[in-house]
Protein chains: 2
Amino acid sequence: MTEMHDVTENAANDRDVTDLVLEDILTGVLPAGTWLKQIDLEKRYDCTRPEVRRALDRLSQKRLVEHVPNRGYHVYQPDGRRAQEVSDIRVILETAVADLMVERATPESIAKLRQLASHFDRMTMEGTVLEHYEANLAFHRELLLLSGNNELVDLVSEIRQRTSSAPVSQWRTRARVERSAREHHMMVDALEARDVADLKHLIEAHIRQTGDAAPTESAARQA
Amino acid sequence: MTEMHDVTENAANDRDVTDLVLEDILTGVLPAGTWLKQIDLEKRYDCTRPEVRRALDRLSQKRLVEHVPNRGYHVYQPDGRRAQEVSDIRVILETAVADLMVERATPESIAKLRQLASHFDRMTMEGTVLEHYEANLAFHRELLLLSGNNELVDLVSEIRQRTSSAPVSQWRTRARVERSAREHHMMVDALEARDVADLKHLIEAHIRQTGDAAPTESAARQA
DNA sequence: GTATCCTAAATTGGCGCCAATTTTGGTAAC
DNA sequence: GTTACCAAAATTGGCGCCAATTTAGGATAC
């Protein structure tokens, strides 16, 4: 069994154990492959066995951890194919509602998105891994809310957790992080300009983390 | 508490209680609003309380049932807005991969889909509600598998369960069922003809259950 | 040194039990 | 007849306990 650091930490009663374990998985504290012993989690999160079990069952239903009968649960290894497929799904969904976002954007929502993009910038400089990750989620959630489809917003949130969009693996270089930050602002620009095509390209490049955001933008502006 | 019929029925050990409860919800045996008492479910499915609890927790995570602390769980009421949003998502996803389906369709897969469409026809005539429902799922799953994106296949399966695509509410009239059956065959025709646009229209009409499948088809054929 | 076996320790899985909470039904008051 | 109250019954929620299973470590044989 992979060893797991013992962190004495009271369970915050406003967030349940599922969230706490999930956070530790997403931030890399509990890396892929880690065996999650129930008795260790009890101590780590200062909770009872039934709570641990419920959390683990929920996470296994989300396929973030795998249950091996009589042996326990371990964190899934990253699966490149799954990650690719999830990205493809996200591209499909998020670009499909770009027109709705543009149509429904108000000065207030644009200002809010600007603020969230700036908040992401600040977290890039000063925040913890988790704060940074959450700043990214906040930006994207606010953007997707413009679609008016709450199920889609929730669904994208859910599927993001399934794979390498998690913070430990999402941004492999500092340059990529900085590009993501710029792309946030550019998305807001496209919204403001009501440029659906540009927004779609930006969203796709952003999700796929390709490096062609800047040229596509200038090409779209010439068109 | 809404009363619940007591069916003496052994839990089939190859399907867990979650599946059994889900089936009864989807087939209308446990209608929207029904309170699911743990002690009744124990008897109904011939299983233990922890198994019941796990099943209910899982179903609540999927938002099929709602947990009310200290009172229990009840089956969610249908929500028209959610249903609409889920349909919109399905249209986005399933039409987005129509080109992939057409590209990847082989004579074998087309024959398989034909067979599944015919199976659906037969279940319409002779099958139980559940058999009918499962025949529909089988057809659509096979079609979506042509996309090559397994995550998308699984995701669509998941989200279908969330709302009124469930069998108790999916087909409101006999005419609608029959139209759905015809549409299955027409989708296979479009696949065979490698007509992406037609396939997209059919998929959309099918998901939204609009009545315009036939005119759109003839329009697409003239183009 | 490696492989095998055995036993003790560790861990998981699941059940029973009971405290806490809600529901139900009966009674009394108006 | 309606409302309020109370006690008993029903139900949920969660904990402790222990059987079942796995792991780890030591001893033995080769």
Side-chain angles (χ1 to χ4, degrees), chain A residues 1-22 24-25 30-31 33-76, chain B residues 1-22 24-25 30-31 33-76:
Chain A
M1 292 283 197
T2 307
E3 289 212 353
M4 179 169 60
H5 298 291
D6 188 17
V7 179
T8 54
E9 182 176 339
N10 284 334
N13 290 327
D14 54 349
R15 300 177 75 199
D16 83 345
V17 184
T18 310
D19 294 330
L20 294 174
V21 179
L22 178 60
D24 284 345
I25 290 171
L30 299 174
T34 308
W35 284 92
L36 307 176
K37 297 186 184 183
Q38 294 175 23
I39 60 167
D40 290 343
L41 295 195
E42 283 179 62
K43 283 182 275 183
R44 181 184 177 81
Y45 301 111
D46 189 26
C47 63
T48 61
R49 186 88 71 79
E51 287 175 284
V52 167
R53 287 185 183 158
R54 190 182 62 181
L56 290 173
D57 186 67
R58 286 176 176 185
L59 292 169
S60 79
Q61 290 290 297
K62 292 167 181 270
R63 290 185 279 160
L64 283 156
V65 302
E66 182 175 22
H67 177 222
V68 182
N70 291 314
R71 293 194 59 195
Y73 295 78
H74 69 86
V75 183
Y76 263 115
Chain B
M1 291 285 200
T2 307
E3 289 212 354
M4 178 165 63
H5 299 289
D6 188 17
V7 180
T8 55
E9 182 176 339
N10 283 334
N13 290 327
D14 54 348
R15 299 177 76 199
D16 83 345
V17 183
T18 311
D19 294 330
L20 295 174
V21 179
L22 178 61
D24 284 346
I25 289 171
L30 299 175
T34 308
W35 284 91
L36 307 174
K37 297 187 184 183
Q38 294 176 23
I39 58 166
D40 289 343
L41 294 194
E42 283 179 65
K43 282 182 272 183
R44 181 184 177 83
Y45 301 112
D46 189 26
C47 62
T48 62
R49 186 88 72 80
E51 288 175 281
V52 166
R53 288 186 183 158
R54 190 182 62 182
L56 290 173
D57 186 66
R58 287 177 175 182
L59 292 169
S60 80
Q61 290 290 298
K62 291 166 180 271
R63 290 186 278 160
L64 284 155
V65 302
E66 180 176 23
H67 178 223
V68 182
N70 291 316
R71 292 196 58 194
Y73 296 77
H74 67 87
V75 183
Y76 263 114

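We name chains A, B, ... by the order of the sequence lines, and we start the count at 1 in each one. Keep in mind that this is a model prediction, so the values were computed, not measured.
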Below 4.0 Å: OP1/OP2 of D:dG13 and any side-chain N or O of B:His67: yes

So, taking the atom named [atom1] in [X] and the one named [atom2] in [Y], what distance separates them when rounded to the nearest 0.5 Å?
X	Y	atom1	atom2	value
B:Leu36	B:Leu41	CG	CG	5.5 Å
B:Leu56	B:Leu64	CG	CG	11.5 Å
B:Gln61	A:Thr18	CD	OG1	6.5 Å

What is the minimum heavy-atom distance between [X] and [Y], and which atoms define it?
X	Y	result
A:Pro31	A:Val75	O-CB, 3.5 Å
A:Glu42	A:Thr48	CG-C, 3.9 Å
A:Val65	A:Tyr76	O-CE1, 3.4 Å

Find the distance [X]:[atom1] to [N]:[atom2] and express it as a whole number of Å.
X	N	atom1	atom2	result
B:Arg54	D:dT12	CZ	P	18 Å
A:Tyr73	D:dT22	OH	P	15 Å
A:Asp40	D:dT23	CG	P	15 Å
B:Glu42	D:dT12	CD	C1'	11 Å
A:Ile39	D:dT21	CD1	P	19 Å
B:Leu36	D:dG13	CG	P	12 Å
A:Lys37	C:dA9	NZ	C1'	11 Å
A:Asp57	C:dG13	CG	P	11 Å

Step by step, would you call B:Val21 with B:Tyr73 a side-chain contact (heavy atoms from CB on, under 4.5 Å)? CA-CA 12 Å; B:Val21 179; B:Tyr73 296 77; over 6 Å; no

When you compare the protein's N or O atoms with those of nucleotides 15-22 of chain C, which come within less than 3.5 Å of each other, and at what distance?
residue : atom : partner : partner atom : Å
C:dC15  : OP2  : B:Thr48 : OG1          : 2.9
C:dT21  : O3'  : B:Asn70 : ND2          : 3.4

Hey, mind stepping through A:Trp35 and A:Asp40 against side-chain contact (heavy atoms from CB on, under 4.5 Å) and telling me if it holds? CA-CA 10 Å; A:Trp35 284 92; A:Asp40 290 343; over 6 Å; no

The criterion is salt bridge (charged side-chain N to carboxylate O under 4.0 Å, His left out); which residues satisfy it with B:Arg58, sequence neighbours excluded? A:Asp57, B:Asp16

Five pairs per end, C1' atoms only: what is the angle between the end axes of the helix from C:dG1-D:dC30 to C:dC30-D:dG1, to 10 degrees? 10°

Identify which nucleotide among D:dT11, D:dG13, C:dT12 has an atom closest to any side-chain atom of B:Gln38, counting heavy atoms from C-beta outward. D:dG13

